[in-house]
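The chains referred to below are lettered A, B, ... by the order of the sequence lines, with proteins before strands, and numbering in each begins at 1.
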Protein chains: 2
Amino acid sequence: MQGNTRQPLTADAWAEAALEIIAESGFDTVAVEPLARRLGVTKGSFYWHFANRQALVQAALEQWERRETDEVLARAAQERDPRKRLARLFREADGSRRAGRLYLALTGAIENHPIQIVVRRVMDHRVEFLRECYAAMGLSAGEAWQRAILAYSVFLGTLQLRRDAPEVIPAEDEFHEYMHFIGEMLIPGYTRELMRADGSTNS
Amino acid sequence: MQGNTRQPLTADAWAEAALEIIAESGFDTVAVEPLARRLGVTKGSFYWHFANRQALVQAALEQWERRETDEVLARAAQERDPRKRLARLFREADGSRRAGRLYLALTGAIENHPIQIVVRRVMDHRVEFLRECYAAMGLSAGEAWQRAILAYSVFLGTLQLRRDAPEVIPAEDEFHEYMHFIGEMLIPGYTRELMRADGSTNS
DNA sequence: TCTAGACCATACGCAAGCGTATGGCAACCT
DNA sequence: AGGTTGCCATACGCTTGCGTATGGTCTAGA
């Protein structure tokens, strides 16, 4: 059936597949044997690459944390204007559906201790990043905290709403309106031009 | 060890215990045999009350939905002023820690279809309730929708933040300040008196 | 060609959980 | 007293997944 010339699997490929499963059907459905079947091999392969199931989870979490912090925040940090940084974050958060599902799936298994560690670290980084954005806009320390926490709460809640009850968020057009509404609420001095990809203000 | 005169268990008691487990350690840790051990009986008891594990889940979900919608929303609906209704909702949402954990644990297992049904229904009810509050304040239909979705997103996100990274939400005093901040952001025409339990405005 | 190592299959023992079958026991009715 | 019914214990077979042990194959290098 699979006539391709089997190139050997790497540990990263296993971790990647594990993240795939987590995003699809939750963390605790990550099992060695089904995963092996999915990859077209058997357990024998798995236990050559990993000591046990926990090691796979660890590798998957490390891969996730790397992608999540390094890529997302690093790209947003290029933007000079803090308002544009925020707008860009909101835009990208709306984008990658798969990343959102994966994030929620991980927090959904927060009773697992390794997951708890990593999720908390990622959250801290992101809230701190938001706080710095608001602080750079001249807000006081207390206000920056409040705004950062509120903004991240909105992010988390929107993720969950879109996953669990997508029909309450009307349609494409209204959603774009809603994004502007969020911008007005969360970014002091918001203008609609901030949400444009190029970020041109032509004032 | 348990010297009490064993009064027989009811199906509701099993469902209640199942919800307890879900709130503690997640949905998929609900297993018949451990649950029986926890209640001091064996499987024999369980399979007298329920046909199978799925029936237990169903009963637990029904019990949860009843409590969640009937009790919470019905009490809030007594408040006449829509602004006070909203403030009361926010206050109570902050309160019951256990209910929040349970809610998140259920949404964390949303890939389970029965759970998906019930969670979606509860979400719809709540968002609709919020929307009516905003509409009663004179907002347009579109604005009421946007506000309702935003408010519910903040609710969900705050729940998750408090569970997964409680240290980012500073302390008791600052949190009360933060609650007022949320009130100002989410309730047009907010005054601090709205958050008082008695709701007195003494204007 | 011989060998070592990378990669994987197969087969086994073990534990946990589901569901069933059946028996026990107390309360209550008649 | 005998029978019925509600509630539970015990014992069994089955499945799934974990981890181990061991052997096979393919390739690169000496």
Length of the line joining [X]:[atom1] and [N]:[atom2], which is rounded to integer Å:
X: B:H49; N: D:dC8; atom1: NE2; atom2: C1'; result: 8 Å
X: A:F46; N: C:dT10; atom1: CZ; atom2: P; result: 18 Å
X: A:R38; N: D:dG17; atom1: CZ; atom2: P; result: 14 Å
X: B:N52; N: C:dG17; atom1: CG; atom2: P; result: 17 Å
X: A:F50; N: C:dC7; atom1: CZ; atom2: P; result: 12 Å
X: A:L39; N: C:dA9; atom1: CG; atom2: P; result: 11 Å

Next item on the list: Output yes when A:R88 and A:E79 qualify as a salt bridge under the 4.0 Å nitrogen-oxygen rule, no when they do not.
Entry: yes
Notebook entry, point to check: Is it true that A:R67 and A:E16 make a salt bridge, defined as a side-chain N closer than 4.0 Å to a carboxylate O?
Noted result: yes
Starting the side chain at C-beta, find the nucleotide from [options] nearest to [X].
X: B:W48; options: D:dG6, C:dG17, C:dA9; result: D:dG6
X: A:T42; options: C:dT10, D:dG17, D:dA9; result: C:dT10
X: B:R37; options: D:dG17, C:dG17, C:dA9; result: C:dG17
X: A:P8; options: D:dC8, D:dC18, C:dC8; result: C:dC8
X: B:Y47; options: D:dC18, C:dT20, C:dA9; result: C:dT20
X: B:P34; options: D:dC8, C:dG17, C:dC8; result: C:dG17

Next item on the list: Would you confirm whether B:R147, through its side chain, and B:R131, through its main-chain N or O, come within 3.5 Å as a donor-acceptor pair?
Entry: no
Margin query: Surrounding CD of B:E111 (heavy atoms of other residues, nucleotides or ligands, distance under 6.0 Å), is the total greater than 12?
Written below: yes
Note to self: Are there over 12 heavy-atom neighbours, none belonging to A:H125, within less than 6.0 Å of that residue's NE2?
What the structure shows: no
Next item on the list: Nearest-nucleotide wise, let me know which of A:E33 and A:G44 is further upstream toward the 5' end of DNA chain D.
Entry: A:E33
Show me, pair by pair, the donor-acceptor contacts under 3.5 angstrom made by side chains of residues 20-30 of chain A, not counting sequence neighbours?
from	atom 1	to	atom 2	distance (Å)
A:E20	OE1	A:R98	NH1	3.2
A:E24	OE1	A:R38	NH1	3.4
A:E24	OE1	A:R38	NH2	3.4
A:E24	OE2	A:R38	NH2	2.7
A:S25	OG	A:I21	O	3.4
A:S25	OG	A:T29	OG1	3.1
A:T29	OG1	A:S25	O	3.3
A:T29	OG1	A:G26	O	2.8

Checklist line | DNA chain C contacts made by residues 14-27 of chain B, counting heavy atoms under 4.0 Å | finding: none
Notebook entry, point to check: Is it the case that A:R126 places NZ or CZ above or below the six-membered ring of A:Y103, under 6.0 angstrom from the centre and within 45 degrees of the axis?
Noted result: yes
